[in-house]
Amino acid sequence: MDIPYDLLVIGGGINGTGIARDAAGRGLRVLLCEKDDLAEATSSSSTKLIHGGLRYLEYYEFRLVHEALAERERLLKIAPHIIWPLRFVLPHAEGLRPAWMLRLGLFLYDHLARLRTLPGSKSVRLRTSPVGAPLQERLTKGFIYSDCWVEDSRLVVLNAIDARAHGADVRTRTKVESARRDGDAWVATLRGARGQETVRAKIVVNAAGPWVSQTLGGTLGVNAKAAVRLIKGSHIVTKKLYEGDQAYILQNPDKRIVFAIPYERDYTLIGTTDVPYDEAPGPVRISPEETTYLCESINRFFTKRIGPADVVWSYSGVRPLFDDAAENASAVTRDYVLDIHDADGALPVLSVFGGKITTYRRLAEHAIAKLEKYLPALKKGWTDTAPLPGGDMDDFDAWLAGFRKRHPFLPEALATRLVRDYGTRAETIVGTATSLADLGEDFGAGLTRAEVDYLVAEEWAVAAADILWRRSKLGLRLSKDEADRLEGYLEKRAAAA
């Protein structure tokens with residue numbers, strides 16, 4: 001009738017896949033169910049930074065910043081293909097935070113990172129430094145510090161791949177319709193590609209993101225006190241606003257900050273907003289007011305002005321933060337809360353509230369630690385040093401150089417993208433090919449049939465959007481006709497399977 005699992009994880013975002021990976025690597029029988037595609041909601045809608053969170057120091061979240069900075073170092077080592085260092089320029093503007101406060105904050109930021117491999121902060125004269133060239137002449141001084149960039153949705157996929165490699169059963173487009181405690185197990189009804197199915201599990205992990213509360217009270221029928229506060233964050237993308245690989249962190253009169261970040265080689269990513277969201281969770285879009293706010297943030301600092309007409313793409317997500325009763329949406333804690341509800345000491349459900357992508361791995365460790373009393377003979381933690389799939393390389397640049405030498409027929413941009421997205425697993429995609437023609441049809445922007453087939457077989461890709469906006473950002477480059485051609489190929493491939 002059914003398959004017994006130790007853990008049923010609901011939610012295929014960064015926290016769900018991180019917990020599934022950790023648990024499977026400790027020998028647990030794990031089933032992860034995601035009702036849509038991996039990272040389809042919040043986890044692909046971040047600002048795509050692995051960072052301590054400089055602005056969190058204003059809210060005295062020292063523990064969170066310290067933990068996040070430590071994780072920044074760990075993640076940089078285990079996923080050097082999708083995570084890399086960035087230098088951030090923080091201009092000082094009159095009437096906003098004073099220079100001494102910025103300097104003190106950066107001093108704390110540097111020293112909270114005890115195992116720092118990235119360069120520390122320093123002051124900069126903007127009128128004589130190249131990083132000041134894009135900025136208005138009134139801005140004369142600023143600071144530079146380090147953090148990291150991450151391909152957020154790929155981080156989710158890599159955790160899912162590694163969870164599967166350690167024995168987890170990962171099912172996308174599979175909804176947990178209901179689950180109830182019954183005897184010695186949770187009995188859950190699933191609906192997905194296999195139709196309706198019943199499974200049993202000792203423990204349920206509710207990592208449903210914005211749907212965490214309705215999953216807890218509705219799907220699982222559990223009445224718990226912890227509450228989620230939904231905050232909408234939006235980003236815009238424009239054509240490249242400046243030269244150089246540095247990012248900018250811009251202060252606004254409302255004390256919020258906005259990032260301007262080099263993006264996909266030819267673009268600039270700008271965000272984010274923080275807007276209370278009171279509607280039911282689901283797909284969200286940027287509002288005209290948010291677009292104006294982000295454009296005005298750029299126009300307050302840069303010489304090149306932008307408006308809504310300059311936006312080539314935008315995305316929005318709903319962040320499921322723990323409700324700490326803060327009045328200001330920007331002040332709501334980004335720390336996480338792990339809430340356990342059990343029945344007489346057995347059959348627990350652990351719900352994840354809040355969190356940020358930087359601390360997902362540590363959150364997973366804490367989640368397993370809270371469940372340890374229900375799981376005898378649990379193996380020790382292992383994810384702090386184990387490379388994520390494709391991350392088994394000592395030096396990214398050296399590995400890329402070797403890859404290009406082994407496959408000289410690949411254009412430089414394509415070779416770089418493949419190694420950035422897949423790391424050492426790029427070799428699997430190229431295989432024995434000795435020419436571009438060997439990789440099959442090009443759907444546009446270097447997306448070949450060989451890569452598409454790999455994504456379907458190995459990374460749960462089903463639709464064109466899975467490939468163009470979550471496994472990559474090639475949606476920025478493909479025309480509508482090219483995207484439609486890709487969708488047609490995927491439909492034919494699925495029909496023939």
Side-chain angles (χ1 to χ4, degrees), residues 9-19 33-49 53 55-56 150 152-153 155-156 172-173 175-176 205-219 224 226-237 256-259 269-291 293-294 311 313-339 351-360 363 465-466 469-470:
V9 180
I10 303 174
I14 189 59
N15 291 328
T17 57
I19 291 170
C33 293
E34 164 54 49
K35 64 184 181 64
D36 299 307
D37 183 28
L38 296 170
E40 186 162 335
T42 306
S43 294
S44 60
S45 301
S46 75
T47 311
K48 309 181 194 312
L49 298 179
R55 71 182 182 86
Y56 304 152
V150 64
D152 54 2
S153 52
L155 183 64
V156 175
T172 63
R173 292 172 166 83
K175 184 177 181 179
V176 179
V205 173
N206 174 15
W211 294 269
V212 62
S213 289
Q214 68 183 60
T215 297
L216 189 59
T219 306
V228 68
R229 182 168 177 179
L230 302 180
I231 305 294
K232 178 186 173 190
S234 297
H235 298 75
I236 59 175
V237 175
R256 289 212 67 257
I257 58 96
V258 167
F259 292 100
L269 174 66
I270 302 162
T272 180
T273 59
D274 266 325
V275 180
Y277 188 78
D278 300 321
E279 301 175 33
V284 290
R285 295 174 179 266
I286 192 170
S287 68
E289 293 77 15
E290 288 176 291
T291 299
Y293 176 88
L294 294 175
V311 177
W313 182 52
S314 64
Y315 64 88
S316 302
V318 177
R319 296 191 287 273
L321 306 181
F322 178 72
D323 191 355
D324 61 358
E327 292 185 12
N328 185 344
S330 297
V332 180
T333 181
R334 266 53 177 178
D335 211 344
Y336 53 82
V337 172
L338 303 174
D339 182 66
S351 294
V352 180
F353 293 85
K356 57 201 297 283
I357 198 165
T358 304
T359 52
Y360 88 89
L363 180 154
D466 302 347
W469 295 112
R470 287 180 285 280

| task | Report the C-alpha distance between R319 and R229 in whole Å, list the side-chain angles of each, state the deciding distance to 0.1 Å, and finish with yes or no for side-chain contact (heavy atoms from CB on, under 4.5 Å). | result | CA-CA 8 Å; R319 296 191 287 273; R229 182 168 177 179; over 6 Å; no
| field | I270 side chain reached by V258 side chain, heavy atoms, under 4.5 Å | value | yes
| query | Who pairs with V311 by side-chain contact (heavy atoms from CB on, under 4.5 Å), at least two apart in sequence or on another chain? | reply | I236, T291, S314
| said: Holding to salt bridge (charged side-chain N to carboxylate O under 4.0 Å, His left out), I want the full list of residues that pass it with D152, two or more places apart in sequence or in another chain. | reply: K48
| query | Partners of T358 by side-chain contact (heavy atoms from CB on, under 4.5 Å), sequence neighbours excluded? | reply | I50, H51, A68, E71, K356
| field | Derivation of the side-chain contact (heavy atoms from CB on, under 4.5 Å) call for L38 and T17 | value | CA-CA 9 Å; L38 296 170; T17 57; 4.2 Å; yes
| request: Kindly determine whether I10 and C33 satisfy side-chain contact (heavy atoms from CB on, under 4.5 Å), including the steps that lead there. | output: CA-CA 5 Å; I10 303 174; C33 293; 5.7 Å; no
| task | Any chance you could lay out the side-chain contact (heavy atoms from CB on, under 4.5 Å) test for T273 and L294, step after step, and finish with the verdict? | result | CA-CA 8 Å; T273 59; L294 294 175; 3.9 Å; yes
| note | Taken in chain and number order and not counting sequence neighbours, the residues that satisfy side-chain contact (heavy atoms from CB on, under 4.5 Å) with A41 are W211
| query | Tell me, do L269 and F259 make a side-chain contact under 4.5 Å, heavy atoms counted? | reply | no
| request: Verify, without hydrogens or angle tests, whether S43 (side chain) and G13 (backbone) share a donor-acceptor contact under 3.5 angstrom. | output: no
| Sequence neighbours excluded, which residues qualify as ring pair (Phe, Tyr, Trp, His ring centres under 6.0 Å) partners of Y315? | H235, W313
| query | Are any side-chain N or O atoms of K35 and backbone N or O atoms of G11, one a donor and one an acceptor, separated by less than 3.5 Å? | reply | no
| remark: Hits for side-chain contact (heavy atoms from CB on, under 4.5 Å) against E289, two or more places apart or cross-chain, chain-then-number order -> S287
| message | Is it the case that the side chain of E34 and the backbone of G12 share a donor-acceptor pair, with hydrogens and angles ignored and the cut-off at 3.5 Å? | response | yes
| Do the side chains of L363 and I19 get nearer than 4.5 Å, heavy atoms only? | yes
| message | With a 4.5 Å cut-off on side-chain heavy atoms, are N15 and Y336 touching? | response | no
| request: Please tell me if the side chains of V352 and V212 come closer than 4.5 Å, counting only heavy atoms from C-beta onward. | output: no
| S316: side chain to side chain donor-acceptor pair (under 3.5 Å) partners, not counting sequence neighbours | S234
| query | Hey, is R173 close enough to D36 for a salt bridge, meaning N to O under 4.0 Å? | reply | no
| request: Quick one: list whatever passes side chain to side chain donor-acceptor pair (under 3.5 Å) with T42, sequence neighbours left out. | output: none
